[in-house]
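All chains are named by letter (A, B, ...) in the order of the sequence lines, taking the proteins before the strands, and each is independently numbered beginning at 1.
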2 protein chains.
Amino acid sequence: MILIGERINGMFTDIRDAILSKDPGPIKMHAQKQYEAGARYLDVNTGPTVDPKEQPEVMEWLVKVTQEDCPLPCCIDSTNPKAIEAGLAVHKGKAMINSTTADQFKMDLYIPLAAKYNAAIIGLTMNDKGVPKSAADRVALAMEIVVNCDMNGVPTDDLFLDPLMLPCNVAQEHGVEVLETLRQVKTLADPAPKTTMGLSNSSQGCANRHLINRTFLIMSMACGLDSAIADVYDTQMVEEVAAARVLMNQDIYCDSFVKTYLQR
Amino acid sequence: MILIGERINGMFTDIRDAILSKDPGPIKMHAQKQYEAGARYLDVNTGPTVDPKEQPEVMEWLVKVTQEDCPLPCCIDSTNPKAIEAGLAVHKGKAMINSTTADQFKMDLYIPLAAKYNAAIIGLTMNDKGVPKSAADRVALAMEIVVNCDMNGVPTDDLFLDPLMLPCNVAQEHGVEVLETLRQVKTLADPAPKTTMGLSNSSQGCANRHLINRTFLIMSMACGLDSAIADVYDTQMVEEVAAARVLMNQDIYCDSFVKTYLQR
(Lines give C-alpha, C1' and ligand atoms only; values in the text may rest on other atoms or scores of the structure.)
Protein backbone atom coordinates (compact mmCIF):
# COMPACT_ATOMS: atom_id res chain seq x y z
CA MET A 1 0.00 0.00 0.00
CA ILE A 2 1.52 3.26 -1.17
CA LEU A 3 0.00 6.17 0.74
CA ILE A 4 0.18 9.35 -1.36
CA GLY A 5 0.11 12.38 0.95
CA GLU A 6 -2.59 14.83 -0.16
CA ARG A 7 -1.46 17.87 1.81
CA ILE A 8 0.75 19.83 -0.65
CA ASN A 9 -2.19 21.29 -2.52
CA GLY A 10 -2.98 24.98 -3.12
CA MET A 11 -6.53 24.16 -2.05
CA PHE A 12 -5.20 24.38 1.54
CA THR A 13 -4.70 27.99 2.59
CA ASP A 14 -1.21 27.53 4.08
CA ILE A 15 0.05 26.02 0.82
CA ARG A 16 -1.79 28.64 -1.28
CA ASP A 17 -0.16 31.42 0.73
CA ALA A 18 3.25 29.71 0.51
CA ILE A 19 2.91 29.56 -3.29
CA LEU A 20 1.83 33.20 -3.56
CA SER A 21 4.69 34.42 -1.37
CA LYS A 22 7.24 31.91 -2.73
CA ASP A 23 7.84 30.67 0.82
CA PRO A 24 9.27 27.12 0.78
CA GLY A 25 8.76 26.69 4.55
CA PRO A 26 5.23 25.24 4.77
CA ILE A 27 5.82 23.02 1.74
CA LYS A 28 9.01 21.51 3.14
CA MET A 29 7.34 21.11 6.53
CA HIS A 30 4.41 19.15 5.07
CA ALA A 31 6.78 17.09 2.89
CA GLN A 32 8.77 15.98 5.93
CA LYS A 33 5.75 15.53 8.21
CA GLN A 34 3.88 13.42 5.65
CA TYR A 35 7.00 11.31 5.08
CA GLU A 36 7.24 10.60 8.81
CA ALA A 37 3.49 9.86 8.96
CA GLY A 38 3.76 7.07 6.36
CA ALA A 39 3.45 8.75 2.94
CA ARG A 40 5.59 7.17 0.21
CA TYR A 41 4.54 9.59 -2.57
CA LEU A 42 3.58 13.25 -2.19
CA ASP A 43 0.78 14.70 -4.29
CA VAL A 44 1.70 18.23 -5.44
CA ASN A 45 -1.02 20.48 -6.83
CA THR A 46 -0.79 24.24 -7.38
CA GLY A 47 -4.46 24.63 -6.50
CA PRO A 48 -7.20 26.58 -8.22
CA THR A 49 -5.94 30.14 -7.54
CA VAL A 50 -2.80 30.00 -9.72
CA ASP A 51 -3.28 31.49 -13.20
CA PRO A 52 -3.13 28.74 -15.85
CA LYS A 53 -0.29 30.55 -17.62
CA GLU A 54 1.79 30.54 -14.45
CA GLN A 55 1.01 26.95 -13.49
CA PRO A 56 4.02 25.38 -15.27
CA GLU A 57 6.46 27.68 -13.49
CA VAL A 58 4.72 27.24 -10.14
CA MET A 59 4.65 23.45 -10.52
CA GLU A 60 8.37 23.41 -11.33
CA TRP A 61 9.05 25.39 -8.15
CA LEU A 62 6.67 23.25 -6.08
CA VAL A 63 8.29 19.96 -7.15
CA LYS A 64 11.81 21.32 -6.54
CA VAL A 65 10.95 22.64 -3.08
CA THR A 66 9.08 19.45 -2.13
CA GLN A 67 12.01 17.25 -3.07
CA GLU A 68 14.79 19.51 -1.77
CA ASP A 69 15.08 17.91 1.68
CA CYS A 70 12.61 15.02 1.39
CA PRO A 71 13.49 11.74 -0.38
CA LEU A 72 9.96 11.00 -1.61
CA PRO A 73 8.83 11.07 -5.26
CA CYS A 74 5.90 13.28 -6.29
CA CYS A 75 2.51 12.64 -7.75
CA ILE A 76 2.26 15.61 -10.10
CA ASP A 77 -1.34 16.70 -9.99
CA SER A 78 -2.78 19.17 -12.49
CA THR A 79 -5.39 19.52 -15.22
CA ASN A 80 -2.78 21.49 -17.20
CA PRO A 81 -0.51 19.26 -19.32
CA LYS A 82 2.16 21.97 -19.49
CA ALA A 83 2.28 22.11 -15.69
CA ILE A 84 2.56 18.32 -15.57
CA GLU A 85 5.51 18.34 -18.00
CA ALA A 86 7.21 21.22 -16.17
CA GLY A 87 7.02 19.17 -12.96
CA LEU A 88 8.24 15.99 -14.65
CA ALA A 89 11.23 17.79 -16.19
CA VAL A 90 12.69 18.71 -12.79
CA HIS A 91 11.52 15.67 -10.81
CA LYS A 92 14.05 13.33 -9.16
CA GLY A 93 13.19 9.61 -9.12
CA LYS A 94 10.04 7.97 -10.50
CA ALA A 95 7.24 10.52 -10.72
CA MET A 96 3.53 9.76 -10.96
CA ILE A 97 1.23 11.72 -13.28
CA ASN A 98 -2.17 12.63 -11.79
CA SER A 99 -4.05 11.99 -14.10
CA THR A 100 -5.58 10.97 -17.42
CA THR A 101 -9.19 10.03 -18.04
CA ALA A 102 -10.27 7.50 -20.68
CA ASP A 103 -10.94 10.33 -23.19
CA GLN A 104 -8.72 9.75 -26.23
CA PHE A 105 -7.46 13.36 -26.39
CA LYS A 106 -6.39 13.21 -22.75
CA MET A 107 -4.71 9.83 -23.10
CA ASP A 108 -2.88 11.24 -26.17
CA LEU A 109 -1.63 14.12 -24.01
CA TYR A 110 -0.59 12.34 -20.84
CA ILE A 111 0.37 8.76 -21.64
CA PRO A 112 3.23 9.78 -24.01
CA LEU A 113 4.48 12.02 -21.19
CA ALA A 114 4.56 9.00 -18.85
CA ALA A 115 6.56 7.12 -21.50
CA LYS A 116 8.96 10.04 -22.11
CA TYR A 117 9.75 10.58 -18.42
CA ASN A 118 9.44 6.91 -17.31
CA ALA A 119 6.71 8.02 -14.92
CA ALA A 120 3.81 6.12 -13.42
CA ILE A 121 0.36 7.46 -14.34
CA ILE A 122 -3.07 7.49 -12.71
CA GLY A 123 -5.93 6.55 -15.05
CA LEU A 124 -9.43 7.59 -14.00
CA THR A 125 -12.24 5.29 -15.16
CA MET A 126 -14.33 8.14 -16.56
CA ASN A 127 -14.73 10.05 -19.80
CA ASP A 128 -16.61 13.09 -21.12
CA LYS A 129 -19.88 11.32 -20.28
CA GLY A 130 -18.91 11.26 -16.60
CA VAL A 131 -18.34 8.43 -14.14
CA PRO A 132 -20.16 5.23 -15.08
CA LYS A 133 -22.34 3.57 -12.48
CA SER A 134 -21.53 -0.10 -12.99
CA ALA A 135 -18.28 -1.95 -12.40
CA ALA A 136 -18.54 -3.37 -15.93
CA ASP A 137 -18.58 0.10 -17.50
CA ARG A 138 -15.73 1.27 -15.26
CA VAL A 139 -13.69 -1.79 -16.27
CA ALA A 140 -14.40 -1.12 -19.97
CA LEU A 141 -12.93 2.38 -19.60
CA ALA A 142 -10.01 0.97 -17.62
CA MET A 143 -9.29 -1.35 -20.57
CA GLU A 144 -9.11 1.66 -22.92
CA ILE A 145 -6.42 3.15 -20.71
CA VAL A 146 -4.54 -0.16 -20.45
CA VAL A 147 -4.50 -0.48 -24.26
CA ASN A 148 -3.27 3.09 -24.70
CA CYS A 149 -0.51 2.56 -22.14
CA ASP A 150 0.53 -0.59 -23.95
CA MET A 151 0.60 1.18 -27.33
CA ASN A 152 2.80 3.92 -25.87
CA GLY A 153 5.24 1.58 -24.16
CA VAL A 154 4.11 2.42 -20.61
CA PRO A 155 4.38 -0.83 -18.57
CA THR A 156 0.94 -1.87 -17.32
CA ASP A 157 2.20 -1.99 -13.73
CA ASP A 158 3.15 1.70 -14.00
CA LEU A 159 -0.56 2.40 -14.52
CA PHE A 160 -2.61 3.14 -11.37
CA LEU A 161 -6.29 2.77 -12.21
CA ASP A 162 -8.67 4.85 -10.07
CA PRO A 163 -12.25 3.52 -10.12
CA LEU A 164 -13.47 6.89 -8.80
CA MET A 165 -15.37 6.53 -5.58
CA LEU A 166 -18.13 9.14 -5.23
CA PRO A 167 -19.44 10.61 -1.96
CA CYS A 168 -21.49 8.00 -0.16
CA ASN A 169 -24.12 10.51 0.94
CA VAL A 170 -25.22 11.24 -2.65
CA ALA A 171 -24.02 8.22 -4.65
CA GLN A 172 -24.31 5.28 -2.28
CA GLU A 173 -24.79 2.73 -5.02
CA HIS A 174 -21.22 3.33 -6.28
CA GLY A 175 -19.40 1.74 -3.30
CA VAL A 176 -19.94 -1.91 -4.22
CA GLU A 177 -19.23 -1.11 -7.88
CA VAL A 178 -15.92 0.50 -6.95
CA LEU A 179 -14.93 -2.54 -4.84
CA GLU A 180 -15.86 -4.87 -7.69
CA THR A 181 -13.89 -2.72 -10.17
CA LEU A 182 -10.81 -2.97 -7.93
CA ARG A 183 -11.06 -6.77 -8.10
CA GLN A 184 -11.71 -6.99 -11.83
CA VAL A 185 -9.07 -4.60 -13.21
CA LYS A 186 -6.35 -6.92 -11.91
CA THR A 187 -7.28 -9.33 -14.71
CA LEU A 188 -6.88 -6.80 -17.56
CA ALA A 189 -3.16 -7.27 -18.22
CA ASP A 190 -0.08 -9.19 -17.11
CA PRO A 191 1.64 -7.67 -15.19
CA ALA A 192 -1.61 -6.45 -13.61
CA PRO A 193 -2.34 -2.71 -13.54
CA LYS A 194 -2.06 -1.17 -10.11
CA THR A 195 -4.95 0.64 -8.44
CA THR A 196 -5.39 3.88 -6.55
CA MET A 197 -8.12 6.11 -5.14
CA GLY A 198 -8.71 9.71 -4.08
CA LEU A 199 -9.91 8.60 -0.69
CA SER A 200 -11.47 11.82 0.58
CA ASN A 201 -13.98 11.69 -2.31
CA SER A 202 -15.82 8.91 -0.51
CA SER A 203 -16.85 11.18 2.36
CA GLN A 204 -17.22 14.61 0.71
CA GLY A 205 -20.04 16.42 2.50
CA CYS A 206 -20.56 13.58 5.00
CA ALA A 207 -20.51 13.46 8.79
CA ASN A 208 -17.70 11.40 10.36
CA ARG A 209 -15.40 11.87 7.38
CA HIS A 210 -12.34 10.19 8.90
CA LEU A 211 -14.43 7.18 9.91
CA ILE A 212 -15.82 6.79 6.39
CA ASN A 213 -12.42 7.35 4.75
CA ARG A 214 -10.51 4.78 6.78
CA THR A 215 -13.29 2.22 6.62
CA PHE A 216 -13.47 2.47 2.82
CA LEU A 217 -9.69 2.34 2.54
CA ILE A 218 -9.53 -0.94 4.47
CA MET A 219 -12.43 -2.41 2.50
CA SER A 220 -10.66 -1.42 -0.71
CA MET A 221 -7.38 -2.98 0.41
CA ALA A 222 -9.21 -6.28 0.88
CA CYS A 223 -10.29 -5.96 -2.77
CA GLY A 224 -6.79 -5.24 -4.12
CA LEU A 225 -6.19 -1.51 -3.68
CA ASP A 226 -2.46 -0.73 -4.11
CA SER A 227 -2.37 2.95 -3.21
CA ALA A 228 -4.46 5.92 -2.16
CA ILE A 229 -4.21 9.69 -2.10
CA ALA A 230 -5.09 10.36 1.51
CA ASP A 231 -4.66 12.39 4.67
CA VAL A 232 -1.70 10.58 6.21
CA TYR A 233 -2.03 12.71 9.34
CA ASP A 234 -4.99 10.45 10.18
CA THR A 235 -3.07 8.18 12.56
CA GLN A 236 -5.89 5.68 13.03
CA MET A 237 -6.09 5.18 9.27
CA VAL A 238 -2.36 4.64 8.90
CA GLU A 239 -2.36 2.15 11.79
CA GLU A 240 -5.17 0.20 10.13
CA VAL A 241 -3.26 0.16 6.85
CA ALA A 242 -0.28 -1.33 8.72
CA ALA A 243 -2.58 -3.96 10.27
CA ALA A 244 -4.21 -4.77 6.92
CA ARG A 245 -0.80 -5.34 5.34
CA VAL A 246 0.08 -7.81 8.11
CA LEU A 247 -3.29 -9.55 7.81
CA MET A 248 -2.79 -9.98 4.05
CA ASN A 249 0.73 -11.33 4.65
CA GLN A 250 2.28 -8.40 2.78
CA ASP A 251 4.42 -7.44 5.80
CA ILE A 252 5.76 -9.93 8.33
CA TYR A 253 4.07 -9.73 11.73
CA CYS A 254 6.04 -8.34 14.63
CA ASP A 255 4.67 -6.70 17.79
CA SER A 256 5.82 -3.29 16.55
CA PHE A 257 4.16 -3.69 13.14
CA VAL A 258 2.82 -0.12 13.09
CA LYS A 259 6.25 1.39 13.77
CA THR A 260 7.83 -0.98 11.27
CA TYR A 261 5.35 0.08 8.59
CA LEU A 262 6.22 3.76 9.16
CA GLN A 263 9.93 3.01 8.82
CA ARG A 264 9.73 1.01 5.58
CA MET B 1 -23.84 -7.49 9.68
CA ILE B 2 -25.01 -9.33 12.76
CA LEU B 3 -22.67 -8.67 15.67
CA ILE B 4 -22.76 -11.58 18.14
CA GLY B 5 -21.68 -10.33 21.58
CA GLU B 6 -18.93 -12.57 23.00
CA ARG B 7 -19.09 -11.46 26.63
CA ILE B 8 -21.42 -13.98 28.30
CA ASN B 9 -18.75 -16.65 28.52
CA GLY B 10 -17.52 -18.46 31.65
CA MET B 11 -14.00 -17.78 30.38
CA PHE B 12 -14.46 -14.27 31.83
CA THR B 13 -14.10 -14.28 35.61
CA ASP B 14 -17.21 -12.18 36.33
CA ILE B 15 -19.39 -14.60 34.34
CA ARG B 16 -17.66 -17.64 35.83
CA ASP B 17 -18.32 -16.33 39.33
CA ALA B 18 -21.93 -15.49 38.44
CA ILE B 19 -22.45 -19.06 37.21
CA LEU B 20 -20.86 -20.58 40.33
CA SER B 21 -22.94 -18.44 42.68
CA LYS B 22 -26.11 -18.55 40.52
CA ASP B 23 -26.13 -14.75 40.45
CA PRO B 24 -28.09 -13.48 37.42
CA GLY B 25 -26.84 -9.88 37.89
CA PRO B 26 -23.64 -9.82 35.81
CA ILE B 27 -25.25 -11.91 33.06
CA LYS B 28 -28.25 -9.61 32.72
CA MET B 29 -25.98 -6.58 32.86
CA HIS B 30 -23.82 -7.83 29.97
CA ALA B 31 -26.91 -8.87 28.00
CA GLN B 32 -28.33 -5.35 28.20
CA LYS B 33 -25.00 -3.56 27.71
CA GLN B 34 -24.12 -5.62 24.64
CA TYR B 35 -27.58 -5.02 23.19
CA GLU B 36 -27.13 -1.27 23.57
CA ALA B 37 -23.62 -1.50 22.09
CA GLY B 38 -24.89 -3.06 18.83
CA ALA B 39 -25.07 -6.83 19.44
CA ARG B 40 -27.99 -8.58 17.72
CA TYR B 41 -27.18 -12.08 19.02
CA LEU B 42 -25.57 -12.99 22.33
CA ASP B 43 -23.09 -15.84 22.52
CA VAL B 44 -23.63 -17.84 25.73
CA ASN B 45 -20.95 -20.27 26.89
CA THR B 46 -20.67 -21.89 30.31
CA GLY B 47 -16.89 -21.79 30.09
CA PRO B 48 -14.29 -24.43 30.89
CA THR B 49 -14.76 -24.64 34.67
CA VAL B 50 -18.26 -26.15 34.67
CA ASP B 51 -18.30 -29.93 35.05
CA PRO B 52 -19.49 -31.58 31.79
CA LYS B 53 -22.32 -33.33 33.66
CA GLU B 54 -23.63 -30.01 34.96
CA GLN B 55 -23.27 -28.15 31.65
CA PRO B 56 -26.82 -28.88 30.37
CA GLU B 57 -28.38 -27.52 33.54
CA VAL B 58 -26.05 -24.50 33.64
CA MET B 59 -26.69 -23.72 29.95
CA GLU B 60 -30.46 -23.89 30.52
CA TRP B 61 -30.09 -21.39 33.37
CA LEU B 62 -27.71 -19.18 31.39
CA VAL B 63 -30.07 -18.93 28.40
CA LYS B 64 -33.09 -18.21 30.62
CA VAL B 65 -31.28 -15.49 32.56
CA THR B 66 -29.81 -13.92 29.41
CA GLN B 67 -33.20 -13.67 27.75
CA GLU B 68 -35.22 -12.70 30.83
CA ASP B 69 -35.00 -8.93 30.29
CA CYS B 70 -33.19 -8.72 26.95
CA PRO B 71 -34.96 -9.26 23.60
CA LEU B 72 -31.94 -10.75 21.80
CA PRO B 73 -31.64 -14.37 20.66
CA CYS B 74 -28.69 -16.47 21.81
CA CYS B 75 -25.85 -18.21 20.06
CA ILE B 76 -25.62 -21.35 22.18
CA ASP B 77 -21.94 -22.15 22.44
CA SER B 78 -20.72 -25.48 23.77
CA THR B 79 -18.73 -28.56 22.80
CA ASN B 80 -21.33 -30.59 24.71
CA PRO B 81 -24.33 -31.56 22.55
CA LYS B 82 -26.49 -32.11 25.66
CA ALA B 83 -25.76 -28.55 26.82
CA ILE B 84 -26.65 -27.26 23.34
CA GLU B 85 -30.00 -29.08 23.39
CA ALA B 86 -30.76 -27.95 26.95
CA GLY B 87 -30.23 -24.35 25.83
CA LEU B 88 -32.29 -24.78 22.66
CA ALA B 89 -35.20 -26.29 24.61
CA VAL B 90 -35.72 -23.15 26.70
CA HIS B 91 -34.68 -20.57 24.11
CA LYS B 92 -37.13 -17.91 22.91
CA GLY B 93 -36.91 -16.88 19.23
CA LYS B 94 -34.46 -18.19 16.64
CA ALA B 95 -31.39 -19.60 18.34
CA MET B 96 -28.02 -20.20 16.75
CA ILE B 97 -25.97 -23.34 17.45
CA ASN B 98 -22.24 -22.76 17.96
CA SER B 99 -21.03 -25.03 16.32
CA THR B 100 -20.45 -28.09 14.16
CA THR B 101 -17.26 -28.97 12.31
CA ALA B 102 -17.22 -30.87 8.99
CA ASP B 103 -16.66 -34.16 10.83
CA GLN B 104 -19.54 -36.50 9.99
CA PHE B 105 -20.19 -37.56 13.63
CA LYS B 106 -20.46 -33.90 14.67
CA MET B 107 -22.71 -32.94 11.78
CA ASP B 108 -24.89 -35.96 12.70
CA LEU B 109 -25.15 -34.59 16.25
CA TYR B 110 -25.74 -30.89 15.65
CA ILE B 111 -27.46 -30.42 12.29
CA PRO B 112 -30.54 -32.51 13.26
CA LEU B 113 -30.77 -30.33 16.40
CA ALA B 114 -30.84 -27.22 14.18
CA ALA B 115 -33.66 -28.82 12.18
CA LYS B 116 -35.60 -29.89 15.29
CA TYR B 117 -35.47 -26.46 16.94
CA ASN B 118 -35.54 -24.37 13.71
CA ALA B 119 -32.22 -22.88 14.78
CA ALA B 120 -29.41 -21.37 12.74
CA ILE B 121 -26.07 -23.18 12.99
CA ILE B 122 -22.41 -22.21 12.70
CA GLY B 123 -20.33 -24.57 10.54
CA LEU B 124 -16.56 -24.48 11.03
CA THR B 125 -14.51 -25.32 7.95
CA MET B 126 -12.32 -27.83 9.78
CA ASN B 127 -12.31 -31.53 10.63
CA ASP B 128 -10.29 -33.98 12.71
CA LYS B 129 -7.25 -33.18 10.54
CA GLY B 130 -7.38 -29.56 11.68
CA VAL B 131 -7.89 -26.28 9.80
CA PRO B 132 -6.89 -26.50 6.14
CA LYS B 133 -4.50 -23.91 4.79
CA SER B 134 -5.99 -23.13 1.39
CA ALA B 135 -9.29 -21.50 0.52
CA ALA B 136 -10.06 -24.42 -1.80
CA ASP B 137 -9.77 -26.97 1.03
CA ARG B 138 -11.82 -24.75 3.36
CA VAL B 139 -14.53 -24.45 0.67
CA ALA B 140 -14.54 -28.23 0.17
CA LEU B 141 -15.29 -28.71 3.88
CA ALA B 142 -17.90 -25.95 3.71
CA MET B 143 -19.62 -27.90 0.94
CA GLU B 144 -19.79 -31.00 3.16
CA ILE B 145 -21.65 -28.94 5.75
CA VAL B 146 -23.96 -27.39 3.13
CA VAL B 147 -24.88 -30.87 1.84
CA ASN B 148 -25.56 -32.18 5.34
CA CYS B 149 -27.77 -29.17 6.14
CA ASP B 150 -29.66 -29.76 2.94
CA MET B 151 -30.17 -33.45 3.72
CA ASN B 152 -31.52 -32.56 7.17
CA GLY B 153 -33.88 -29.85 5.95
CA VAL B 154 -31.90 -26.95 7.44
CA PRO B 155 -32.25 -24.01 4.98
CA THR B 156 -28.81 -23.06 3.57
CA ASP B 157 -29.27 -19.46 4.70
CA ASP B 158 -29.64 -20.66 8.28
CA LEU B 159 -26.07 -21.96 7.99
CA PHE B 160 -23.29 -19.56 9.06
CA LEU B 161 -19.99 -20.84 7.68
CA ASP B 162 -16.90 -19.84 9.66
CA PRO B 163 -13.68 -20.03 7.60
CA LEU B 164 -11.66 -20.04 10.86
CA MET B 165 -9.19 -17.20 10.94
CA LEU B 166 -6.04 -18.12 12.86
CA PRO B 167 -3.83 -15.69 14.83
CA CYS B 168 -1.89 -13.54 12.39
CA ASN B 169 1.29 -13.70 14.47
CA VAL B 170 1.69 -17.45 13.95
CA ALA B 171 -0.41 -18.25 10.85
CA GLN B 172 -0.10 -15.16 8.67
CA GLU B 173 -0.66 -17.03 5.43
CA HIS B 174 -4.25 -17.83 6.46
CA GLY B 175 -5.61 -14.26 6.14
CA VAL B 176 -5.90 -14.11 2.37
CA GLU B 177 -7.25 -17.67 2.30
CA VAL B 178 -9.98 -16.74 4.79
CA LEU B 179 -10.97 -13.68 2.72
CA GLU B 180 -11.08 -15.80 -0.43
CA THR B 181 -13.16 -18.46 1.37
CA LEU B 182 -15.68 -15.80 2.40
CA ARG B 183 -16.09 -14.84 -1.27
CA GLN B 184 -16.33 -18.39 -2.59
CA VAL B 185 -18.77 -19.97 -0.12
CA LYS B 186 -21.49 -17.61 -1.36
CA THR B 187 -21.61 -19.68 -4.57
CA LEU B 188 -22.19 -23.05 -2.85
CA ALA B 189 -25.97 -22.92 -2.65
CA ASP B 190 -29.01 -20.81 -3.46
CA PRO B 191 -29.99 -19.18 -1.15
CA ALA B 192 -26.33 -18.60 -0.31
CA PRO B 193 -24.99 -19.77 3.05
CA LYS B 194 -24.25 -16.97 5.47
CA THR B 195 -20.80 -16.42 6.97
CA THR B 196 -19.43 -15.70 10.42
CA MET B 197 -16.15 -15.50 12.26
CA GLY B 198 -14.76 -15.70 15.80
CA LEU B 199 -13.04 -12.35 15.38
CA SER B 200 -10.74 -12.40 18.40
CA ASN B 201 -8.96 -15.47 16.96
CA SER B 202 -7.26 -13.22 14.41
CA SER B 203 -5.28 -11.38 17.08
CA GLN B 204 -4.71 -14.04 19.78
CA GLY B 205 -1.31 -13.37 21.34
CA CYS B 206 -0.75 -10.24 19.22
CA ALA B 207 0.02 -6.66 20.14
CA ASN B 208 -2.68 -4.09 19.24
CA ARG B 209 -5.47 -6.65 19.39
CA HIS B 210 -8.35 -4.22 18.90
CA LEU B 211 -6.62 -2.69 15.87
CA ILE B 212 -6.11 -6.10 14.26
CA ASN B 213 -9.64 -7.26 15.10
CA ARG B 214 -11.47 -4.27 13.67
CA THR B 215 -9.25 -4.10 10.59
CA PHE B 216 -9.86 -7.77 9.78
CA LEU B 217 -13.59 -7.38 10.42
CA ILE B 218 -13.87 -4.55 7.88
CA MET B 219 -11.73 -6.42 5.33
CA SER B 220 -13.97 -9.45 5.81
CA MET B 221 -17.14 -7.39 5.38
CA ALA B 222 -15.82 -6.24 2.00
CA CYS B 223 -15.54 -9.95 1.08
CA GLY B 224 -19.06 -10.86 2.18
CA LEU B 225 -18.95 -11.50 5.93
CA ASP B 226 -22.49 -11.55 7.36
CA SER B 227 -21.78 -11.79 11.09
CA ALA B 228 -19.04 -12.04 13.69
CA ILE B 229 -18.65 -13.08 17.30
CA ALA B 230 -16.91 -10.04 18.67
CA ASP B 231 -16.29 -7.62 21.53
CA VAL B 232 -19.10 -5.15 20.88
CA TYR B 233 -17.75 -2.90 23.64
CA ASP B 234 -15.09 -1.89 21.09
CA THR B 235 -16.79 1.34 20.01
CA GLN B 236 -14.39 2.09 17.17
CA MET B 237 -15.10 -1.32 15.67
CA VAL B 238 -18.87 -0.91 15.88
CA GLU B 239 -18.63 2.56 14.30
CA GLU B 240 -16.61 1.14 11.42
CA VAL B 241 -19.18 -1.63 10.94
CA ALA B 242 -21.88 1.07 10.67
CA ALA B 243 -19.76 2.96 8.12
CA ALA B 244 -19.05 -0.20 6.12
CA ARG B 245 -22.77 -0.96 5.92
CA VAL B 246 -23.42 2.53 4.52
CA LEU B 247 -20.51 2.24 2.07
CA MET B 248 -21.89 -1.07 0.78
CA ASN B 249 -25.35 0.46 0.45
CA GLN B 250 -26.79 -1.93 3.04
CA ASP B 251 -28.02 0.96 5.20
CA ILE B 252 -29.16 4.31 3.85
CA TYR B 253 -26.75 7.18 4.55
CA CYS B 254 -27.79 9.79 7.07
CA ASP B 255 -25.51 12.03 9.13
CA SER B 256 -26.34 10.01 12.26
CA PHE B 257 -25.57 6.68 10.61
CA VAL B 258 -23.72 5.31 13.66
CA LYS B 259 -26.59 6.04 16.02
CA THR B 260 -29.05 4.68 13.47
CA TYR B 261 -27.08 1.44 13.22
CA LEU B 262 -27.21 1.00 17.00
CA GLN B 263 -30.98 1.50 17.01
CA ARG B 264 -31.83 -0.96 14.26
Surrounding [atom1] of [X] (heavy atoms of other residues, nucleotides or ligands, distance under 6.0 Å), is the total greater than 12?
X: A:K94; atom1: NZ; value: yes
X: A:Y233; atom1: OH; value: yes
X: A:F12; atom1: CZ; value: yes

Among B:I252, B:V241, B:V176, B:L247, residue most engaged with chain A (heavy-atom pairs, under 4.5 Å)
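So the answer, after comparing B:I252, B:V241, B:V176, B:L247, is B:L247.
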Could you have a look at B:A243, B:S220, B:A242 and say which one has the most heavy-atom pairs with chain A under 4.5 angstrom?
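Winner by heavy-atom pair count: B:A243.
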For A:M219 against B:A222, the heavy-atom pair lying closest together
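Closest approach of A:M219 to B:A222: O-CB, 3.5 Å.
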Are the side chain of A:E173 and the backbone N or O of B:N249 linked by a donor-acceptor pair below 3.5 Å?
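No; judged by distance alone, with no hydrogens or angles, the pair does not exist.
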Looking at residues at least two apart in the chain, or sitting in another chain, which of them share a ring pair (Phe, Tyr, Trp, His ring centres under 6.0 Å) with B:Y253?
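In terms of ring pair (Phe, Tyr, Trp, His ring centres under 6.0 Å), with neighbours along the sequence ignored, B:Y253 is linked to B:F257.
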B:V258 versus chain A, heavy atoms under 4.5 Å apart: side chain, backbone, both or neither?
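B:V258 touches chain A through side-chain heavy atoms alone.
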Would you mind checking which part of B:M221 comes under 4.5 Å of any heavy atom in chain A, side chain (CB onward), backbone (N, CA, C, O), both or neither?
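Neither part.
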When only heavy atoms count and the cut-off is under 4.5 Å, which of residues 198-218 of chain A reach chain B?
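Expected list: A:C206, A:A207, A:N208, A:L211, A:I212, A:R214, A:T215, A:F216, A:I218.
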